[in-house]
Structure formats: C-alpha cells, structure tokens
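Chain A is the first sequence line, chain B the second, and so forth, proteins listed ahead of strands; every chain is numbered from 1. Quantities reported herein were computed from a predicted structural model and do not represent experimental measurements.
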2 protein chains.
Amino acid sequence: MNNPNEYFVVPAELHDDLVRRAYIKRGYTNEEATDASRFCHSASRHGIRTHNGLKALHLDDLFGSKVGGWIPGAEIEVLPSRFAAAEIWDGHKKLGQAVAYKAMDRCMELADKYGVGMVSVDNATHYLWGGGYVIDAAQKGYIAYTNCTSATSEVVPFGGKTPTMGTNPHSWGFPTQSAVGFPIVIDWATSTVAMGRVQQFAREGKELAPGWAVDAEGKPTTDPKKATALLPFGAHKGYGLGLVDELYAAFIGGSLPSIRGTTRGPASEKRGSTFFFQCIHPEAMRGHDYALGRTQEENLKICLADILGQGNEACILPGQIEAQSAKLTDAHGGLLFTKAEIEGFAHITDELGEPAWNIQNFRSITL
Amino acid sequence: MNNPNEYFVVPAELHDDLVRRAYIKRGYTNEEATDASRFCHSASRHGIRTHNGLKALHLDDLFGSKVGGWIPGAEIEVLPSRFAAAEIWDGHKKLGQAVAYKAMDRCMELADKYGVGMVSVDNATHYLWGGGYVIDAAQKGYIAYTNCTSATSEVVPFGGKTPTMGTNPHSWGFPTQSAVGFPIVIDWATSTVAMGRVQQFAREGKELAPGWAVDAEGKPTTDPKKATALLPFGAHKGYGLGLVDELYAAFIGGSLPSIRGTTRGPASEKRGSTFFFQCIHPEAMRGHDYALGRTQEENLKICLADILGQGNEACILPGQIEAQSAKLTDAHGGLLFTKAEIEGFAHITDELGEPAWNIQNFRSITL
C-alpha cells in the first residue's frame, strides 16, 4: 500500500531535462521547451501539483501540439503601438509558458523605465498557473499582476443558468521577501471551486458545498450529479472579478466567451484565450513620508506584522504554503513527487523511447 | 406617513450650489468645494445614497475639517520620480474627492501618452465612493481602477480574530457605453458587508447571515450583538483582495493598519489612508485580429451579449443599477431625494444661516 505522506526526491536536472526533451520531441523549439521545463520545475518546487510536468504535458495532449491548438515554434508578433509603456502581442498560439515568461520579462523592463508596464497578448493559449509568473517577477523585485481567460467557459454569470464565462483567474505577486521571507502571491480562479473538484465529488458520492454549482435551470445545487455549471465565488463580487478577465479579453481580441475551447460557431471564429500582464516598480509608488522614519521595506515589514499580530498569529499569508513547499524542496535537494507521479513519468519516458525511471533510484522521504 | 417610494426632484443647480457653499463655509477653497459638490451630484445621480451630500458633509464633521483630519486648502505635492508613467503624490490630507478627481485626470493624461498611467497618493483622506471616479474615467473612454485603504480597520484576516485590515474597496470601470449603454463598474468593499449593516441588524434584532462577522474570539457568529469584526467576503479569496490594498498602502506610505483612524501609537505615527489610481487607454490593448473582422467596440458588444444571452438574460451587469438611476434622474430633470433627505438638508442650510428648503417647492414623484 502506498504511504500518502511518502515522497521521492528527484534531482531537478533529471526532471528538467526529461520535460525539456519531451517538449522538443513534440516539435517545440529548444527555447520553448526550456521555458516549459522551467515552469514545471517551478510548479513542482512550489507544491503546485495540479500544474506539474505531468499535467503540463497532458494539457499539451488535450489542447496543444497534438491537436493543433498550440503551435510549436510560433513567433510572437509585437504589434505597432504608439504607447511607450504598453505592448500588444499576437501570440500566434505559441506555447503559453514561453509567452508568459517573455511577457512578464517585458513588463519588468517597461516598469524599470516607466514605473508601470503592461503586455496584452491575443491568440494566447494556456499558461497553466498564473502564480508562477507573478512569483518570478516578485522575486525579482516587482509588483506583478496577470489575468487570462480560461480555455473553456464553465461559470454562470451571477443569477444566470448557462456557463458563458471562464473560471478566469487573477494572480498578484508582491516583493515581500525582506518583510516576510517570501513573495506574497494571491492567485485563484473566480469560480468557487474548479469543475474537477465537482467531478471528484460526483465520483466519491459526496455532496457539494453551497455556492459551488448550479443545475441546468440555474438553481443552486449541492448534488454533484445535477451540477452543470460553476458559480462565481462571493456572489456578485466574484462575478465582477470574472467579468474583468472577459472585458480585458474582449478589448484585446478574444471572441465569444461561450465558444472558447469548443468547435461551435463559424470556421473563421476565434476560440482562444488572451493574457494580460502588468508590473509596477516599487520605487514608482514610494512616498517620502513613512512613519517614524522607516524605509519602504521597513514599512512593509511592520505593516504585515501588524496585520498578523494581536491574536492573528495563526493566520497565513497568501503564498506562504507555496513558499513552505519551495523551502522543503530546497532542503531535500530535489523535486518531490509521489509514487503515483513517479510512475506517471513513464508516459513521458515511453514517448521518448527511454526506460522508465526506477523509483529505487530516488531517495524516499516521509512528510 | 411617509411613502417609501416617494421622491422629490431637486434642481441640480440648487443642490450643487448649496453643497459647494457648505464646503466653502468650512474653509475649503472654491475648487475643492466644486469638486466635492460635483462628487455629491454624481453619487445622488447614480443612486448612491450612502455617499450623497448629506453623508459627505457628515463625514467631514466626523473625520474632516471639523476635527482637523482633512485640511482645507492643502496643496498636493507631486514627488520627484524617475518614472514617466507613474506619479507619487503627497496629498497632505487635502479633501479626498478633490484629490481623487485630479489623480484620475492625471492617470488619463498618462494613459494617453504611455498607454497606462498610475498615481499613488500618500497622506490621503477619504474619497467616499471609488465608483464615482472610475465611472467618470470610463465615460471619458478609459479602463480605470482605484483602490484605497479604509479610514478604520474592521476586518479580520482570514482565520484571525482581531480586525487589523480595512474594508478596503476595489473599483474598476470599463468604457462599455457603446456596447451596453453604460460603463460597467465593479465596485465593492472586500468585507462581506459593511459594519453599518451589522449594527442595523443589531438594532432590528435580526440574525446576521453566515460569513459576515466574527466574535471576539474570532469564531464566526450570526448574533449581531456578539459580532466584533467583519469577515472578508469569499474566505481566503476576499482576504487576498483586502491585502492587496494593505500592500499598496504599505509600499506608498500608509502605516500600521490597526491604528488607522485611531489615536493609538506614538504621536508621530501616521493614521491616514492611501489612494491608488490607474487608467489604461483601450487602444493600448487593441489587438489586430478580432474575429469576423469586428472592430474593438463591436467585439466588446458581441462578447457581452454572449455572456448575458443563452438563458442569462435576467442577469445584470455591474454598474447597471447605477446607470438606471442616472437615467431616471435625468428623465426627471433633477436629483431625487426622499422626504427624510430633504429634511436632512436643513442641517446644511442652518449651517449657512439660510432658510430650510421647503418641500412644497419640489415636484413629488413615486417610483
């Protein structure tokens, strides 16, 4: 029987190299494959098991190179613009992780120069985990933000019955390393839960919590078998936040939300996502009047200590769990995978015509 | 007996002039008073009865010129900055409405030039209703955003028991007039409800809804008499959104969240709020590949129709209620106030040494 707390320590180079070569095998360029591998490394290191290498390559099977949805080797087209701090890119369905890293890098450069910089990406694909890009920018010292439209529409507008909106995530990252030891990362979808969770509850015969889903008539339901669409979190407030992504997409060049990821509509319709990225340089919002002569960094630290003090010591900050995972990963000197995940990598080694990883080669730890 | 659906039509000039003169009487400059009056007009026109002229002047009694919290005639100091698209202002406790209109105007100018522009304001006061500023910018064609820290801290961090965060609102406005007839405005606090609502329920002996408040031990409570602090909406997600405002404030120059609006801490501490404003020019996120040859405006219109179609026709868009109020106000040719509100203006006419408004001079309508 598997021990649910048992993990195996996989040397990062072994993992990163395997994932990179898998992407190359699928036709991606070395640069794209390196970005994809870097992303999967970051997801695993931060404990984001829903977007690790196994999941990323599985999504490429479902939506990507295997079905023509993502175009290996596509070139980003930077559109002409009269605006110095804002760029608009046509992603031409290039691999989402590669586009996202480049876009966030460009936002940092623009923020260095203008204080704030933004990149909007049309004909985008899927960037998997927005938190990965804002963590990266925050670690480099920027206040970062990204949103995107989801690959499909599973969420009803507040009061509606037909899912015409994506789960549309938002991700904010803040360079709070010197204040709390890690970047604060606020990163979530605007549905209460993911459809995968509803399906899992259906399989396990469990009742949904109120506020998760509606039935075909738009009535709230806790029966996972009757659930046909997701609800936005926080009623009209989460609905508004999901709309923000839809509005950005509509401005950039996304088409009808309800046909995203489907084959519906005329052949010449668009069914892809858009991405939006923004960075702010913290000096571009640095006042000259911090209390008691504090520096900006000192002020940040004392304000966060104030919020989590006075009886709130048990609260955690968004991004703290990811930071703890990263610390644990670093302490063990490799990426941590379960037995089932190690076995899952056999799909990838198979695809490359290589022997599967032998679990006995990896150090086992119990968390 | 009062008819709860009866309103009186007050000529806008009469209202605006009275409010303006009341601010001047309190020492504000003509420019500040004109901005304050413009703001109250906008709030009343959009049906925001919680932030009309009566409320604005009452807040000035409580926090403003009467107690030295807001400084009539204060000059905004634009701090030196090496960043072209981002400005940092010291508001020197100038009237919030005047600072907010100016800051949003400056963001529009920066967005015209750089695609995106932002203004951060330290030593800010209270801008009352963030929606008013983003509606204004959206009506002028910009994608606008503002957040601020609340005057006091009433919200516990997720899982906490002591209120160390403000109700910290966010406001987004989108120029969707040609798509849906009005700007979409997403504007709310990050607590589930306002403390005023909890107090009202306590007075009326009603039970609170779950998710509104906690008791002194941090346990969720539905007893309004036991409620000591508010909960963020949407659990950890709303907590994250409330933290965004606290983080912006900490970067800009706000001090300890838990002492805002109090007399706690050393004399040299800071207890005020900060504001953040941003505008994006829609052309700065205009792609070149809208489906079926649509323009950006056409794309926006068809995407919003898609979201609210297919059985979702009964849903409303954020900002729709405000737009309906504005239409009604315009149709009746004056600002609409209840009998109690008309009587409330007697405090203001009294302060100016003028006769109270005679309700018989105003046309009565029933909505």
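Below 30°, between 30° and 60°, or above 60°: for H92(B) and H288(A) the angle between ring planes is above 60°, a perpendicular geometry.
The candidate with the highest count of non-hydrogen atom pairs below 4.5 Å against chain B, out of T274(A), L247(A), L300(A), L292(A), is L247(A). The candidate with the highest count of non-hydrogen atom pairs below 4.5 Å against chain A, out of P157(B), G159(B), G160(B), is P157(B). The candidate from G311(A), A86(A), S258(A) with the greatest count of non-hydrogen atom pairs under 4.5 Å with chain B is S258(A). Per-residue counts of heavy-atom pairs under 4.5 Å with chain A were compared for V121(B), L308(B), I280(B); the largest is that of I280(B). Counting heavy-atom pairs under 4.5 Å between each of K301(B), M118(B), K237(B) and chain A puts K237(B) at the top. When each of E313(B), R82(B), E297(B) is checked for heavy-atom pairs under 4.5 Å with chain A, R82(B) comes out on top. For the options G117(B), S268(B), A249(B), heavy-atom pairs under 4.5 Å to chain A are most numerous at S268(B). When P318(A), P257(A), G254(A) are compared by the number of non-hydrogen pairs under 4.5 Å with chain B, P257(A) comes out ahead. Taking chain A as the reference chain and counting heavy-atom pairs below 4.5 Å, the highest number among L304(B), T162(B), V119(B) is found for T162(B). With chain B as partner, the option from P266(A), A85(A), G319(A), P80(A) having the largest number of non-hydrogen pairs under 4.5 angstrom is A85(A).
Between the side chain of D122(B) and the backbone N or O of G287(A), no donor-acceptor pair lies under 3.5 Å. Side-chain atoms of Y290(A) come within 3.5 Å of backbone N or O of F251(B) as a donor-acceptor pair. D289(A) places no side-chain N or O within 3.5 Å of a backbone atom of N123(B) that could act as its donor or acceptor partner.
In this structure, chain A has a heavy atom under 4.5 Å from the side chain of E77(B), while its backbone stays farther away. Heavy atoms of I184(B) lying under 4.5 Å from chain A belong exclusively to its side chain. Looking at L256(B), the atoms closer than 4.5 Å to chain A (heavy atoms on both sides) sit in the backbone and in the side chain alike. Only the backbone of K113(B) comes within less than 4.5 Å of a heavy atom in chain A; its side chain stays farther off. For chain A, the nearby parts of S255(B) are the backbone and the side chain; heavy atoms of each come within less than 4.5 Å. Interface remark: A111(B) contributes backbone atoms only to the contact with chain A (heavy atom separation under 4.5 Å). For chain A, the nearby part of M165(B) is the side chain; its heavy atoms alone come within less than 4.5 Å. When heavy atoms are compared at a cutoff of 4.5 Å, Q310(B) approaches chain A by way of both its backbone and its side chain. Looking at P210(B), there are no atoms closer than 4.5 Å to chain A (heavy atoms on both sides), in backbone or side chain. Both the backbone and the side chain of Y248(A) come within contact range of chain B, each with at least one heavy atom under 4.5 Å from a heavy atom of that chain. Heavy atoms closer than 4.5 Å to chain A are found nowhere in A314(B), neither backbone nor side chain. In this structure, no portion of P232(A) lies under 4.5 Å from any heavy atom of chain B.
In this structure, F83(B) CZ and H281(A) NE2 are separated by 4.5 Å, a value rounded to the nearest 0.5 Å. Once rounded to the nearest 0.5 Å, the distance linking SG of C303(B) with CD1 of I259(A) reads 9.0 Å. The line from CZ of R286(A) to CD1 of I88(B) is 8.0 Å long, rounded to the nearest 0.5 Å. Interatomic distance, F158(A) CZ to N312(B) CG, rounded to the nearest 0.5 Å: 13.0 Å. Here the OG atom belonging to S81(B) is positioned 12.0 Å from the CE atom belonging to M285(A), to the nearest 0.5 angstrom.
The closest side-chain heavy-atom distance from L243(B) to I307(A) is below 4.5 Å. Between W172(B) and L241(A), some side-chain heavy-atom pair lies under the 4.5 Å cut-off.
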**Message:** R294(B) vs E269(A), test: salt bridge (Lys or Arg N to Asp or Glu O under 4.0 Å). Steps then yes/no.
**Reply:** CA-CA 11 Å; R294(B) 290 173 211 138; E269(A) 255 296 355; 2.5 Å; yes
Pairs under 3.5 angstrom only: tabulate donor-acceptor contacts from the side chains of residues 185-193 of chain B to other protein residues two or more places apart or in another chain.
unit_1  : atom_1 : unit_2  : atom_2 : d
D187(B) : OD1    : G131(B) : N      : 3.4
D187(B) : OD1    : S171(B) : OG     : 2.7
D187(B) : OD2    : W129(B) : NE1    : 3.1
T190(B) : OG1    : T167(B) : O      : 3.2
T190(B) : OG1    : N168(B) : O      : 2.9
S191(B) : OG     : V193(B) : O      : 2.8
T192(B) : OG1    : G211(B) : O      : 2.8
T192(B) : OG1    : L231(B) : O      : 3.4

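With ring centers used as reference points, Y114(B) lies under 6.0 Å from Y114(A).
For I316(B), the CD1 atom sits in a packed shell: over 12 heavy atoms of surrounding residues, nucleotides or ligands are nearer than 6.0 Å. Heavy atoms of other residues, nucleotides or ligands lying less than 6.0 angstrom from NZ of K93(B) number 12 at most.
At a cut-off of 3.5 Å, with distance as the only test, no side-chain donor of D306(B) or T164(A) sits close to an acceptor on the other residue.
Partners of H170(B) under the side chain to side chain donor-acceptor pair (under 3.5 Å) rule, at least two apart in sequence or in another chain, are Y145(B), D245(B).
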